[in-house]
There are 2 protein chains.
Amino acid sequence: MSKPSPALVDALFRLSFVLQGHLVRLAAAHDLSLVQLRLLGILRDREPGMLELARHLELEKSSSSGLIDRAEARGLVERVPSKEDRRAATVRMTARGRKLARALEDEVSRELGALLAVLSEPERVKLTALVERVVERAKPPA
Amino acid sequence: MSKPSPALVDALFRLSFVLQGHLVRLAAAHDLSLVQLRLLGILRDREPGMLELARHLELEKSSSSGLIDRAEARGLVERVPSKEDRRAATVRMTARGRKLARALEDEVSRELGALLAVLSEPERVKLTALVERVVERAKPPA
DNA sequence: TATTGTTATACTCTATAACTATA
DNA sequence: TATAGTTATAGAGTATAACAATA
């Protein structure tokens, strides 16, 4: 139960603010909020219902309802009525949303690449392994 | 200009979301937003004017004005009129704000400690060095 | 009765633009 | 004129509570 060094705590939080800052600025350049960016990321390989989506985003269902209203109005996602359960609907990315998601992914990777250029390839490999072990431990509480 | 591996990009962003998630939940437990948490962090060792504060938080001056309104109403900070310039005021943490900031700092360090317990001490040292070099490169655009 | 989702309402947070007071 | 800060206004994003439709 030894506490981590202040230097490590500091470095990690600074890193997290730097990364989130990149995401916020990139998203804003496309007139998207960070949550909308996360939404696109989630929908890349899923077609969740409202409740499932709310759980992924850690939002109330009413909040995701509004979020989807706005994203749908912009043509990024669409509601697909369920066949089996007439109360339910799933949320699916449109072609336009998918195109935007891919563009953002490229930009993110490019910016992060510039940041990581300061490390050698073996160092990157080492960093990847260390970070993966930490986030693995933080795995979804679900 | 080689792009970073998808695994590294992924791991770093997952880490940043995990860390920010911790901050958001801890702040919320004290009925604070993430920005208010950052405000307390900034005021630990500064007594900035409104414009300087807005720059630190990457906000418009009108936005920090409202932010300080709400924080002041909760007794966490106070506006101190400047002696030299009668238009200006600085923002200072109150004793109550300082107490809350310290409590949050402890909680953050404790939670992160649990997460980092998965690494050995030499690994933590290595991680600290690598992350510091990356964030150093991201240094303030100012 | 329970579940899926929406709507009504209220508050925080943010930006833009206009404003006040001082420099 | 320029600068420090506030105010007015509008919109996104959030939660709580009440609601409708279906299970």
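Naming convention: chains lettered A, B, ... in sequence-line order (proteins, then strands); numbering from 1 in each chain.
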Whole angstroms only, please: what is the [atom1]-[atom2] distance between [X] and [N]?
{"X": "A:Lys61", "N": "D:dA20", "atom1": "NZ", "atom2": "C1'", "value": "11 Å"}
{"X": "A:Lys83", "N": "D:dT22", "atom1": "NZ", "atom2": "P", "value": "16 Å"}
{"X": "B:Leu34", "N": "C:dC13", "atom1": "CG", "atom2": "P", "value": "10 Å"}
{"X": "B:Glu60", "N": "C:dA15", "atom1": "CD", "atom2": "C1'", "value": "6 Å"}
{"X": "B:Glu52", "N": "D:dA4", "atom1": "CD", "atom2": "C1'", "value": "13 Å"}
{"X": "B:Asp31", "N": "C:dC11", "atom1": "CG", "atom2": "C1'", "value": "11 Å"}
{"X": "B:Asp85", "N": "D:dA2", "atom1": "CG", "atom2": "P", "value": "17 Å"}
{"X": "A:Arg55", "N": "C:dG5", "atom1": "CZ", "atom2": "P", "value": "12 Å"}

Shortest non-hydrogen separation from [X] to [Y] and the atoms involved:
{"X": "A:Leu115", "Y": "B:Arg137", "answer": "O-CD, 3.4 Å"}
{"X": "A:Val80", "Y": "A:Arg92", "answer": "CG2-CZ, 3.7 Å"}
{"X": "A:Ser109", "Y": "B:Pro4", "answer": "O-CD, 3.8 Å"}

Subject >> Any donor-acceptor N/O pair, B:Ser16 side chain to A:Gln20 backbone, under 3.5 Å >> reply: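 Not confirmed, B:Ser16 side chain does not pair with A:Gln20 backbone.
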
Original post:
Under the 3.5 angstrom rule, does the side chain of A:Arg14 hit a backbone N or O of A:Asp10 as a donor-acceptor pair?
Top reply: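 Judged by distance alone, no pair lies under 3.5 Å.
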
Original post:
Side chains of A:Ser120 and A:Glu123: donor-acceptor distance under 3.5 Å anywhere?
Top reply: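 Present: a donor and an acceptor within the cut-off.
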
**OP:** Under 4.0 Å from any atom of DNA chain D, heavy atoms only: list the residues of residues 67-81 of chain A that qualify, in numerical order.
**Re:**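 By residue number: A:Arg70.
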
Original post:
So, is B:Ser33 near the phosphate of C:dC13, with a side-chain N or O under 4.0 Å from OP1 or OP2?
Top reply: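 Affirmative; the distance criterion is met.
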
Original post:
OP1 or OP2 of C:dG5 less than 4.0 angstrom from a side-chain nitrogen or oxygen of A:Ser65, does that happen here?
Top reply: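 For A:Ser65, the contact criterion (side-chain N or O under 4.0 Å from OP1 or OP2 of C:dG5) is not met.
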
Original post:
Out of C:dA23, C:dT6, D:dG5, which nucleotide sits closest to the side chain of B:Arg86?
Top reply: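 Nearest listed nucleotide: C:dA23.
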
Original post:
Looking at D:dT16, D:dT6, C:dT14, which one has an atom nearest to any side-chain atom of B:Met50?
Top reply: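 Given the options D:dT16, D:dT6, C:dT14, the side chain of B:Met50 is closest to D:dT6.
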
Original post:
Quick one: does B:Arg87 reach the base of C:dT22 with a side-chain donor-acceptor pair under 3.5 Å?
Top reply: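 Flag set: donor-acceptor pair detected.
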
Subject >> Heavy-atom side-chain contact between B:Arg74 and B:Gln36 under 4.5 Å >> reply: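 A side-chain contact exists here, since the closest heavy-atom pair is under 4.5 Å.
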
**OP:** Using a 4.5 Å cut-off on heavy atoms from C-beta on, say whether the side chain of A:Leu104 contacts that of A:Leu100.
**Re:**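 Yes, side chains in contact.
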
Original post:
Are A:Arg25 and B:Glu58 ion-paired here, with the side-chain N under 4.0 Å from a carboxylate O?
Top reply: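 Salt bridge: yes.
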
Subject >> Electrostatic pair B:Glu105-B:Arg44, nearest N-O below 4.0 angstrom >> reply: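 Looking at B:Glu105 and B:Arg44, the cut-off is met.
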
Original post:
So which of residues 35-46 of chain A are in contact with DNA chain C, with a heavy-atom cut-off of under 4.0 Å?
Top reply: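 Close to the strand, none.
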
Original post:
What is the nucleic acid contact for A:Ser62, judged by heavy atoms within less than 4.0 Å: base, sugar-phosphate only, or nothing?
Top reply: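 Since a base atom lies under 4.0 Å of A:Ser62, the category is base.
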
Subject >> Sugar-phosphate only, base, or nothing, as touched by A:Glu84 at under 4.0 Å among non-hydrogen atoms >> reply: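 The answer is sugar-phosphate, as A:Glu84 gets under 4.0 Å only of primed atoms, P, OP1 or OP2.
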
Subject >> Residue whose nearest DNA chain D nucleotide is more 5′ - A:Gly66 or B:Gly49 >> reply: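 Comparing both residues, the 5'-ward one is B:Gly49.
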
